[in-house]
Enquirer: 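I am attaching a structure below and will ask some questions about it afterwards.
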Amino acid sequence: MKFIGRYFLDRPAWVGAMAFLALILLPVAVFMDLRSISDQNLQSQATTLNRVISVFRSYYASNVVGRILAADGQAQPLHTYLDTNGGIPIPATLSIELGEEIGARQGDVTYRFVSKFPFRNRAEYALTPFEIEALEKFTANGSPNDSATDVSGSLLSREFTVATPVVMGSACVACHNNHIESPKKDWRVGDIRGIQTITVRQPLTLNLWSFKYLLAYLTTAGGIGFLFALMQFGLAREFGGLNNELEAKNEFLVKISTKLSKYLPPQIYESIFTGEKEVEISTERKKLTVFFSDIKDFTATTERLQPEELTNLLNEYFSEMSAIAERHGATIDKFIGDAIVAFFGDPVTRGAAEDARACLKMAVEMQARLTELNLEWLERGYEHPFKARIGINTGYCNVGNFGSESRMNYTIIGAEANLAARLESIAKPGGIVMSYETWALVRNQVSARPMRPTRFKGISREVVPYEVNMPNSSQSTGHIVKESTTGMELFLNTTNLDPDAREAARQVLLRGIAAIDETDS
């Protein structure tokens, strides 16, 4: 079956030629059958007519000519002509007896001459329901040109009967009204005396065989169709197997692509799998807003925590920050230890100003969320929570795929990217520092103060950093108090203080209050 399927698949022109040939042969077969039907009908009619004429000739020779010759040329038309020398049948008798002769010798044709008024010496006619109905119709209408038809038969043969009225002529009226055995003596010219019927029978098998060419065509076409159906069934099974295999491979690819998506920024993953971005070594220069964050004193924090605890905390921190970055449309470049590198402007940009504003909003939200996380972590028993510093810069960078043909990395390079990292290094814990280029794009959206001009390693120009004035952050829960604002960082967890530590904390707070009072005075 596979061989047949491949044979047809490899030869579409041959299959098309077969279909075209089948369409051409159909009208040819129909035409040949119609011609055959015409020939058979003509032959049947000629044969039937020949037999009827032969019957009529034989009857006329023996019952008319023979009797006249036997009576020395003297002839008497009588209905009882057999009882009289020289007697010949009258028209009605001729019709009745001729019908019997035809019916006896010609099985396919029956002729009947029947009436409701037979002569007294004749038996009553056994009329069929059709003949009774036809006779009543003819008598009611009185038209000599009436006719009636009836179609009947069995499963294997058909019969067609036509009936016409027998109309009384002048000679018939004179004979019947004066004949001693006539049952009716008031006939008039034009009266309907009876009916004559001709029934033609034909076996259904003959009609079916008349379509021998069409039957041969349909049989051949059916055989070819059956083979084609078998071929299609085989192909369907083969295609079904291929579909199942493809579905399994697609499911595998979906799982693999889902796993790979964890290693790529969502924007890059989508652009690659939709075909918008080719996976090849290529870069372009674009104006980006670069984000760099780092956790202050992360190395010291790692020394105080077990590796499992540190891993859980760091993963939780990255998960929260990544969700915020994705919400604002950032492209996360990479995680470097405890640092996060992200940027706005590629592969999708909303314009330099909007990209910078989105980056700043993201940074503020990250610091706020980290404050909330610190409180949660303190309640879970972590004494030294994370404090992040953030640097933001806007400028032209090279962005794209860097690496080799066998392994690539989608990232950014350039002095502007390095500057973001340098700005992060001078930010306060929990603070945000940005370059003048970024501040110029977001100054209507945030309050910031310029810092002392600074030169950074690897940056040729002098840079004026801008420190974002962070919103006041005041939170307390249970025995934990945290206050963060410009010029003040307060964190107090009284549950971890022994009596001496509580007294020391009290003295520190009092000195702070005294310092504030002295400044006010």
Side-chain angles (χ1 to χ4, degrees), residues 41-60 63-64 77-79 81 88-154 157-177 179 181-203 206-207:
N41 285 337
L42 290 175
Q43 181 181 359
S44 176
Q45 293 172 12
T47 302
T48 301
L49 182 59
N50 178 66
R51 291 175 180 175
V52 170
I53 292 175
S54 296
V55 171
F56 180 80
R57 183 176 63 250
S58 174
Y59 180 88
Y60 182 80
N63 291 2
V64 178
L78 300 169
H79 72 285
Y81 68 97
I88 59 175
I90 62 175
T93 302
L94 173 66
S95 298
I96 294 171
E97 293 183 350
L98 188 60
E100 294 174 354
E101 291 285 338
I102 292 173
R105 300 186 188 183
Q106 176 62 35
D108 294 338
V109 178
T110 300
Y111 172 79
R112 278 169 58 85
F113 183 93
V114 294
S115 172
K116 285 186 177 181
F117 303 100
F119 280 4
R120 291 190 182 93
N121 65 335
R122 292 186 183 276
E124 290 286 337
Y125 296 109
L127 275 67
T128 65
F130 166 71
E131 291 172 338
I132 295 173
E133 182 180 353
L135 185 56
E136 291 176 352
K137 171 189 173 184
F138 298 153
T139 303
N141 294 340
S143 173
N145 298 320
D146 267 351
S147 65
T149 57
D150 179 55
V151 180
S152 60
S154 63
S157 65
R158 303 298 292 166
E159 294 184 359
F160 183 84
T161 303
V162 60
T164 56
V166 178
V167 183
M168 299 291 286
S170 57
C172 296
V173 171
C175 175
H176 280 261
N177 286 343
H179 201 287
E181 294 183 357
S182 175
K184 178 176 172 66
K185 299 187 181 294
D186 56 351
W187 292 102
R188 294 177 297 177
V189 176
D191 285 349
I192 306 299
R193 180 178 181 271
I195 61 172
Q196 61 180 5
T197 63
I198 295 180
T199 301
V200 180
R201 302 178 186 87
Q202 190 173 57
L206 179 61
N207 294 331

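Here, residue 1 is the first one in the sequence, and each next residue gets the next number.
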Enquirer: Are side-chain heavy atoms of I192 and V166 found at a separation under 4.5 Å?
Expert: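 The answer is no; the side chains never approach within 4.5 Å.
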Enquirer: If you round to the nearest 0.5 Å, how far is OG1 of T128 from CZ of R112?
Expert: 6.5 Å
Enquirer: Enter the distance from E131:CD to T197:OG1 here, rounded to the nearest 0.5 Å.
Expert: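 Interatomic distance, E131 CD to T197 OG1, rounded to 0.5 Å: 4.5 Å.
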Enquirer: Quick one: pull up NZ in K137 and OG in S147 and give me the separation to the nearest 0.5 Å.
Expert: 6.0 Å
Enquirer: Looking only at heavy atoms, what is the nearest atom pair of A134 and I195, with distance?
Expert: CB-CD1, 4.5 Å
Enquirer: Return the minimal non-hydrogen interatomic distance between A148 and F130, and the atom names on each side.
Expert: O-CZ, 3.7 Å
Enquirer: So, for T161 and T199, which heavy atoms are closest and what is the spacing to 0.1 Å?
Expert: OG1-OG1, 2.9 Å
Enquirer: Which heavy atom of T164 sits nearest to which heavy atom of F138, and what is that distance?
Expert: C-CE1, 3.7 Å
Enquirer: Closest heavy-atom contact between R188 and D191?
Expert: N-OD2, 2.9 Å
